Trainee: 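This structure is in structure tokens; I'll ask about it shortly.
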Amino acid sequence: MAFATRHVSATPDAIAPDGSQVRLLCITARASTAIFTLPAGAVAQAIMHRSVEEIWYVLAGRGRIWRRFGSSEEVTELSPGTSLTIPVGAHFQFRSEGADALSVVGATIPPWPGDGEAVFVAGPWPATA
């Protein structure tokens with residue numbers, strides 16, 4: 001296996017199904033990483049992943065994330081240093097609150113498979129992204 005090195009793009013590489021900006025980081029056969037950014041005051045679309053789980057780490061900004069999985073449901077404050085998980089099949093929606101954009105590093109396991117992975121679901125907040 002060869003080493004991978006990637007520098008973060010100044011502009012988004014893509015827009016995620018939830019409406020957040022995506023800047024791709026390194027990808028391996030078993031995981032992918034990216035930085036997801038939601039502009040100040042924006043609310044993402046509520047979604048659910050069909051086959052991937054994610055681990056998030058908040059880099060900058062403030063906000064909240066709603067997660068529901070089975071009978072468990074919670075809203076968690078997001079601020080730099082917060083880490084959380086999103087299991088396969090969990091419904092989730094996040095929002096940026098405050099004057100700065102919310103930026104999160106996300107590890108996706110297995111790597112993001114492409115179109116059709118995200119399914120739109122009902123969330124607690126009206127989406128703006």
Side-chain angles (χ1 to χ4, degrees):
M1 176 175 182
F3 296 114
T5 303
R6 185 174 178 111
H7 294 276
V8 176
S9 173
T11 59
D13 296 302
I15 300 298
D18 61 26
S20 61
Q21 300 171 356
V22 179
R23 287 173 175 81
L24 299 174
L25 300 174
C26 289
I27 299 171
T28 69
R30 291 186 265 182
S32 59
T33 56
I35 297 174
F36 304 100
T37 303
L38 200 57
V43 179
Q45 297 284 332
I47 62 170
M48 182 268 305
H49 295 152
R50 294 178 190 269
S51 66
V52 302
E53 62 184 338
E54 290 187 333
I55 300 172
W56 284 17
Y57 177 79
V58 179
L59 291 174
R62 298 184 54 76
R64 288 186 282 166
I65 185 169
W66 163 80
R67 293 175 287 174
R68 182 174 63 207
F69 188 69
S71 62
S72 297
E73 183 174 11
E74 66 181 46
V75 174
T76 302
E77 297 289 325
L78 300 175
S79 61
T82 303
S83 181
L84 60 92
T85 61
I86 301 172
V88 176
H91 295 197
F92 69 99
Q93 183 180 29
F94 65 110
R95 61 186 299 146
S96 177
E97 299 172 337
D100 299 319
L102 177 65
S103 291
V104 174
V105 172
T108 303
I109 305 105
W112 186 257
D115 292 341
E117 173 60 23
V119 177
F120 295 105
V121 298
W125 307 300
T128 61

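Bear in mind that the values here come from a model prediction, so they are computed numbers and not experimental data. Along the sequence shown, residues are numbered consecutively beginning with 1.
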Trainee: Nearest heavy-atom pair of A40 and S96: which atoms, and what distance?
Mentor: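 That would be CA-OG, 3.5 Å.
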Trainee: If you take all heavy atoms of G61 and P80, which pair is closest and at what distance?
Mentor: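 Smallest interatomic distance, heavy atoms only, reads O-CD, 3.2 Å.
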Trainee: Would V43 end up clustered with V75 when hydrophobic side chains under 4.5 Å apart are linked, directly or stepwise?
Mentor: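 Result: yes, single cluster for both.
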Trainee: Can you list every pair that meets side-chain hydrogen bond (donor to acceptor under 3.5 Å, both in side chains) and has a residue in residues 100-116, with sequence neighbours left out?
Mentor: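 For residues 100-116: T37-S103, E54-T108.
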Trainee: Hey, any chance V105 and L24 share a hydrophobic cluster, counting ILVMFWY side chains that come within less than 4.5 Å of each other, even indirectly?
Mentor: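 In one cluster: no.
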Trainee: Would you compute the distance between atom OG1 of T33 and atom CD1 of I109 and round it to the nearest 0.5 angstrom?
Mentor: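 One finds 10.0 Å between OG1 of T33 and CD1 of I109.
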Trainee: Using a 4.5 Å cut-off on heavy atoms from C-beta on, say whether the side chain of W66 contacts that of E73.
Mentor: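 Side-chain contact under 4.5 Å: yes.
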Trainee: With distance as the sole test, does E117 use its side chain to make a donor-acceptor pair with the main-chain N or O of S51 at under 3.5 Å?
Mentor: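 Flag set: sc E117 to bb S51 pair under 3.5 Å.
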Trainee: When clusters are formed by joining ILVMFWY residues with side-chain heavy atoms under 4.5 Å apart, either directly or through shared neighbours, do F94 and I86 land in the same one?
Mentor: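 In one cluster with F94: I86, yes.
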Trainee: So do the side chains of D18 and F36 get within less than 4.5 Å of each other, counting heavy atoms only?
Mentor: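 Counting from C-beta outward, D18 and F36 never come under 4.5 Å.
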Trainee: For residues F120 and P17, report the shortest heavy-atom separation together with the two atoms involved.
Mentor: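 That closest heavy-atom pairing would be CE2-O, 3.3 Å.
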Trainee: So, taking the atom named CD in E74 and the one named CZ in R64, what distance separates them when rounded to the nearest 0.5 Å?
Mentor: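 Those atoms lie 13.0 Å apart.
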Trainee: Got a second to check how far E77's CD is from R62's CZ, nearest 0.5 Å?
Mentor: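 Between E77 CD and R62 CZ, I get 6.5 Å after rounding to 0.5 Å.
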Trainee: If you round to the nearest 0.5 Å, how far is CE of M48 from CZ of F92?
Mentor: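 If we round to the nearest 0.5 Å, F92:CZ and M48:CE are 10.0 Å apart.
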Trainee: Is there a donor-acceptor contact under 3.5 Å from the side chain of R67 to the main chain of T85?
Mentor: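 Yes, the answer is positive, given that a donor and an acceptor are paired below the 3.5 Å cut-off.
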Trainee: Spell out, yes or no, whether V8 and V22 are grouped together once hydrophobic residues are joined by side-chain heavy atoms under 4.5 Å, including indirect joins.
Mentor: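 Not linked; separate clusters.
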Trainee: Kindly work out whether a path of hydrophobic side-chain contacts (I/L/V/M/F/W/Y, heavy atoms less than 4.5 Å apart) joins L78 to I47.
Mentor: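 Yes: a chain of side-chain contacts under 4.5 Å links L78 to I47.
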Trainee: Does a side-chain heavy-atom distance below 4.5 Å link P12 with R23?
Mentor: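 The answer is yes; the side chains approach within 4.5 Å.
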Trainee: Between S20 (side chain) and L38 (backbone), is there a donor-acceptor pair under 3.5 Å?
Mentor: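 Side chain of S20 to backbone of L38, a donor-acceptor pair under 3.5 Å: no, none is there.
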Trainee: Could you tell me which non-hydrogen atom of A127 sits nearest to which non-hydrogen atom of A44, and how far apart they are?
Mentor: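 So the minimum-distance heavy-atom pair works out to CB-O, 3.6 Å.
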Trainee: Are the side chains of S79 and V58 in contact, using a 4.5 Å heavy-atom criterion?
Mentor: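 They are not in side-chain contact.
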Trainee: Atom CD in E97, atom CG in L102: separation rounded to 0.5 Å?
Mentor: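 If we round to the nearest 0.5 Å, E97:CD and L102:CG are 9.0 Å apart.
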Trainee: Hey, which of D13, T11, I15 is the one that makes side chain to side chain contact (heavy atoms under 4.5 Å, CB included) with Q21?
Mentor: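 Single pass found, and it is I15.
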